[in-house]
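Every number for a ligand or one of its atoms is a count from 1 in the order of the listing.
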Amino acid sequence: MKLHEYQAKELFTRYGIPTQRGVMITRPEEIDGLDLRYPVVVKAQVLVGGRGKAGGIKLAATPAEARGHARTILGMSITGEVVRRLLVAEAADIKSEYYLAFTLDREVRRFVAIASAAGGIAIEEVARTAPERIVQHHVDPFIGFQPFHARELGTRVGLREGRLTAFAGIAASLYRLAVQEEAELAEINPLAATDGALVAVDAKVILDDSAAFRHPDRPPTEEETELERAARQAELSYVELDGDLAIIGNGAGLVMSTLDVVAQFGGRPANFLDVGGGATTENMAAALAIALRKPGVQALLINIFGGITRCDDIARAIVARPLEVPVAVRLTGTNEEEGRRILQAAGIRAFTDAEEAAREAVGLSRASGGPRSE
Ligand code: GDP
Ligand code: MN
């Protein structure tokens, strides 16, 4: 999960890495109320790089100028991402730009510290044309990134005295952040030298999604819809699409093949939800609530291959609530007969064949008079 700059800078502050004071805003009028020292820098908050080159970063000497920039940048599209948020920050008086990052080197299974005295927007160019200006240090996980490692790295990029000490402190903090927050990348570009200090002018953090369960306080991603958030909290994998047939299955492979079969019959999935290999009545109830809440859903297809998951548990969840739309169910595997009996008692027919169930579901979504794609 990529963090926006303003979110990454909140993390930086928590770890003691100096950044400029700044505020995230969504409307140009908010600039008037800000308690910031001018000049400020107005920065597009999008999850792509190269914002500066794309015109998404502008300096302003007065609030009027900042408002003007805010109006220009909000709504702008940068590499396909529409700008909906801005960071307004006290501008740094930049004398020179360094680069500093920790990222996972998967080949050697270690974090690698990368630093350069040629930071800023041309760092990719430097990597290509003058790779010797970029220095690296692989971190031994048992020894960690010690102060002497940090000072050595700083020395190799040409830093001395007070600035070297500042750099070593920032590098140590950035490493701590990367490890504790379980980041795949923690990058400062530029790490700007001003008259008296080093300041993280930009911040890029990518968190390892596989570790999300250990970090319940992580910010939700901007792209997440309300239903996607509900699914994440219920520990279900959920994907939103724009058709009219809701799909629930157990197991990623089964769900993928269900999508294919639905497409083959001309159906258009509204979403799909994987309740997982060991789904319980509770998982299934949560899945039903989420899948059916999506606006525009005309029918529901449930495809369950019982293994650890028991068909009767699934059936109990289905009959436990009124279904807002017609449903087609495919149920095979563990406790299949019991599951089918429970459904039949509630007037729901259960198929054993996935294709038949899919054909029926697509027909139901059509019959309900939902939006069509022909
Ligand atoms: P990116 O283009 O998405 O990497 O965004 P950055 O935040 O790195 O900004 C790009 C460039 O804009 C920086 O390398 C700086 O040259 C310039 N810039 C950004 N913030 C400031 C600032 O506070 N003061 C000054 N003088 N320049 C800035
Ligand atoms: Mn940058």
*asked:* Just to be sure I'm reading this right: ignoring hydrogens, which of Asp93, Asp202, Val201 gets closest to atom 6 (P) of ligand 1? Compare them by their nearest heavy atoms.
replied: Asp202

*Measure from atom 7 (O) of ligand 1 to every heavy atom in Lys95, Lys43, Gln20 and give the option owning the shortest one.*
Lys43

*asked:* As a test of reading the structure, name the N/O/S atom of Asp202 that is nearest the Mn ion (ligand 2).
replied: OD2

May I ask you to check if ligand 1 and [X] share an N or O to N or O distance below 3.5 Å?
X	answer
Ile94	no
Glu90	no
Glu97	yes

Which atom names give the shortest non-hydrogen contact between [X] and [Y], and what distance separates them?
X	Y	result
Leu198	Pro18	O-CG, 3.4 Å
Arg330	Leu254	NH1-CD1, 3.9 Å
Asn189	Asp202	O-CB, 3.0 Å
Ala358	Val262	CB-CG2, 4.3 Å
Ala186	Ala178	CB-CB, 4.3 Å

What protein heavy atom sits nearest [atom], and how far off is it?
atom	value
atom 9 (O) of ligand 1	Ile57 CD1, 3.4 Å
atom 24 (N) of ligand 1	Ala92 O, 2.9 Å
atom 10 (C) of ligand 1	Ile121 CG2, 3.7 Å
atom 3 (O) of ligand 1	Arg51 NE, 2.7 Å
atom 2 (O) of ligand 1	Gly52 N, 2.8 Å

*Flag side-chain contact, heavy atom, 4.5 Å: Leu207 against Glu184*: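 Side chain of Leu207 against side chain of Glu184, heavy atoms only: no contact under 4.5 Å found.
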
*Determine whether Thr281 and Asp312 make a side-chain contact, defined as any pair of heavy atoms from C-beta on separated by less than 4.5 Å.*
no

_CZ-CD1 distance between Phe102 and Ile188, expressed to the nearest 0.5 angstrom_ =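 The CD1 atom of Ile188 is 9.0 Å from CZ of Phe102, to the nearest 0.5 Å.
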
_Closer than 4.0 Å: a protein non-hydrogen atom to atom 13 (C) of ligand 1_ =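 It does: a protein heavy atom is found less than 4.0 Å away from atom 13 (C) of ligand 1.
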
_Only heavy atoms of Ala91, strictly under 4.0 Å: list the atoms of ligand 1 that pass._
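That gives atoms 23 (O) of ligand 1.
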
*Is Asn189 touching ligand 1 with its side chain, its backbone, both, or neither, if touching means heavy atoms under 4.0 Å apart?*
backbone

*asked:* Heavy-atom count check: over 12 atoms from other residues, nucleotides or ligands less than 6.0 Å from Tyr6 OH?
replied: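 Yes - once you tally the heavy atoms of other residues, nucleotides and ligands closer than 6.0 Å, there are more than 12.
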
